[in-house]
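Order of appearance sets the numbers: ligands from 1, and atoms from 1 within every ligand. Since the structure is predicted, the reported quantities are computational estimates derived from the model, not experimental observations.
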Amino acid sequence: MLVICAPSGTGKSTLISKLRQEFPDFGFSVSYTTRDPREGEEDGVHYNFVSRDRFVAMRSKGEFCEWAEVHGNFYGTATTPVRKMLDAGQDVLFDIDVQGASQLRKVFPEGVFVFLLPPSREELLSRLSGRGTDSEDSIARRMKNAEGELREAHWFDYWVVNDDLDEAYRELRAVYLAGLTLPALRPGLLESVLDTWEEDRG
Ligand code: ADP
Ligand code: 5GP
């Protein structure tokens with residue numbers, strides 16, 4: 001599990017799409033949200049877009065392994081599809097906020113948690129405005145929330161600064177590849193090597 005968090009506008013979607021392009025077998029956890037789709041966003045691909053009533057009903061039935069209210073909308077990760085991908089041995093990417101990441105860490109402590117930082121406040125504002133997808137109000141709210149999100153970065157496993165995109169991608173890629181070598185993610189490996197000593201003795 002590769003969990004990627006960042007203040008809105010930092011470049012998370014940009015970096016995630018580069019990662020999915022290079023590693024097409026990555027599973028992606030498609031979140032549920034009550035926010036309206038942006039231009040170009042497809043239901044079931046970028047998000048599952050649902051009404052507030054549907055979201056609340058799913059939440060009451062315990063269908064989410066984490067959920068949070070972010071910038072005035074609800075967002076959540078459904079447990080079943082994630083479990084299915086993990087059980088099939090797939091690596092799974094998560095694009096979620098810091099509140100969700102902290103809940104997810106309790107359920108899946110073996111995940112790798114990465115925090116992406118913008119180089120500065122000024123650059124974040126310029127990226128949010130330049131993206132052209134959010135209203136003035138929404139940008140102001142996202143900028144205000146960014147500081148609180150950055151203050152949560154201390155408990156993440158890795159920090160990547162998205163200043164130069166290619167450099168940030170190189171670091172994120174390295175984090176992902178390093179994660180694949182974690183002992184917790186290589187069940188049976190050590191035993192299988194040690195077995196070759198047993199075979200020699202037997
Ligand atoms: P997020 O998913 O974190 O909200 P996006 O990936 O949508 O952010 O990026 C926000 C805007 O910043 C987009 O217009 C994107 O093209 C741009 N962007 C992303 N990374 C960089 C970078 N390293 N330098 C300059 N602009 C960037
Ligand atoms: P956006 O509206 O810009 O797509 O996303 C706003 C924020 O919600 C981002 O920080 C994004 O990571 C977060 N988010 C997206 N999906 C989920 C989710 O399933 N759970 C949580 N907790 N946050 C999410």
Side-chain angles (χ1 to χ4, degrees), residues 1-21 27-50 55 58-59 63-82 92-108 111 113-135 137-150 152-153 156 160-173:
M1 287 178 49
L2 187 62
V3 183
I4 303 184
C5 281
S8 179
T10 301
K12 215 175 1 171
S13 313
T14 307
L15 284 161
I16 286 178
S17 85
K18 279 170 87 69
L19 206 58
R20 293 180 72 192
Q21 235 170 326
F28 181 67
S29 167
V30 181
S31 299
Y32 284 77
T33 183
T34 60
R35 88 150 158 73
D36 292 331
R38 294 189 185 122
E39 210 177 303
E41 282 183 335
E42 269 181 69
D43 188 33
V45 177
H46 299 92
Y47 281 105
N48 295 300
F49 295 98
V50 293
F55 191 99
M58 289 180 71
R59 194 178 63 191
E63 292 183 28
F64 295 126
C65 49
E66 67 75 27
W67 71 274
E69 185 166 359
V70 192
H71 315 312
N73 290 295
F74 289 145
Y75 295 81
T77 303
T79 312
T80 308
V82 170
V92 186
L93 256 175
F94 295 79
D95 169 348
I96 61 175
D97 90 309
V98 287
Q99 308 167 70
S102 134
Q103 295 169 47
L104 211 58
R105 185 154 220 181
K106 294 184 185 110
V107 188
F108 299 104
F113 289 75
V114 185
F115 197 96
L116 291 179
L117 294 97
S120 65
R121 183 186 181 281
E122 194 188 11
E123 178 62 21
L124 185 64
L125 181 57
S126 145
R127 286 185 195 171
L128 275 172
S129 312
R131 186 166 68 182
T133 52
D134 297 274
S135 64
D137 270 6
S138 167
I139 291 176
R141 188 188 281 222
R142 282 160 197 261
M143 287 302 296
K144 187 165 173 280
N145 291 345
E147 186 181 355
E149 290 164 349
L150 282 161
E152 285 297 309
F156 281 72
V160 172
V161 181
N162 184 19
D163 190 353
D164 175 73
L165 184 64
D166 291 336
E167 177 61 22
Y169 182 65
R170 269 195 294 278
E171 290 189 1
L172 183 62
R173 185 181 187 278

### Message
A cation-pi test, strictly: NZ or CZ of R35 under 6.0 Å from the centre of the six-membered ring of F49 and no more than 45 degrees from its axis. Yes or no?
### Response
no
### Query
For ligand 1, is there an N or O atom under 3.5 Å from any N or O atom of E123?
no
### Query
Any N/O of D164 closer than 3.5 Å to an N/O of ligand 1?
no
### Query
Should E149 and R142 count as an ion pair when the cut-off is N to O under 4.0 Å?
no
### Task
Please state whether D163 comes within less than 4.0 angstrom of ligand 1, counting heavy atoms only.
yes
### Query
Contact between G130 and ligand 1, counting heavy atoms under 4.0 Å?
no
### Task
Determine whether the side chain, the backbone, both or neither of Q99 has a heavy atom under 4.0 Å from any heavy atom of ligand 2.
neither
### Task
Go through the structure and list residues passing ring-ring contact (aromatic ring centres under 6.0 Å, His included) with F28, not counting sequence neighbours.
none
With nothing but distance in play, are any N or O atoms of [X] less than 3.5 Å from an N or O of ligand 2?
X    : answer
E149 : no
H71  : no
V70  : no

Atoms of ligand 2 close to [X] [distance to a heavy atom under 4.0 angstrom, numbered from 1]:
X    : result
G100 : 22 (N)
R35  : 1 (P), 2 (O), 4 (O)
R38  : 1 (P), 2 (O), 3 (O), 4 (O)

### Task
Would you mind checking which non-hydrogen protein atom is closest to atom 10 (C) of ligand 1, with the distance to 0.1 Å?
G9 O, 3.5 Å
#### Entry: By salt bridge (Lys or Arg N to Asp or Glu O under 4.0 Å) - contacts of R170 (at least two apart)
E167
### Task
Out of R131, R127, R142, E167, indicate the one that has the non-hydrogen atom closest to atom 18 (N) of ligand 1.
R127
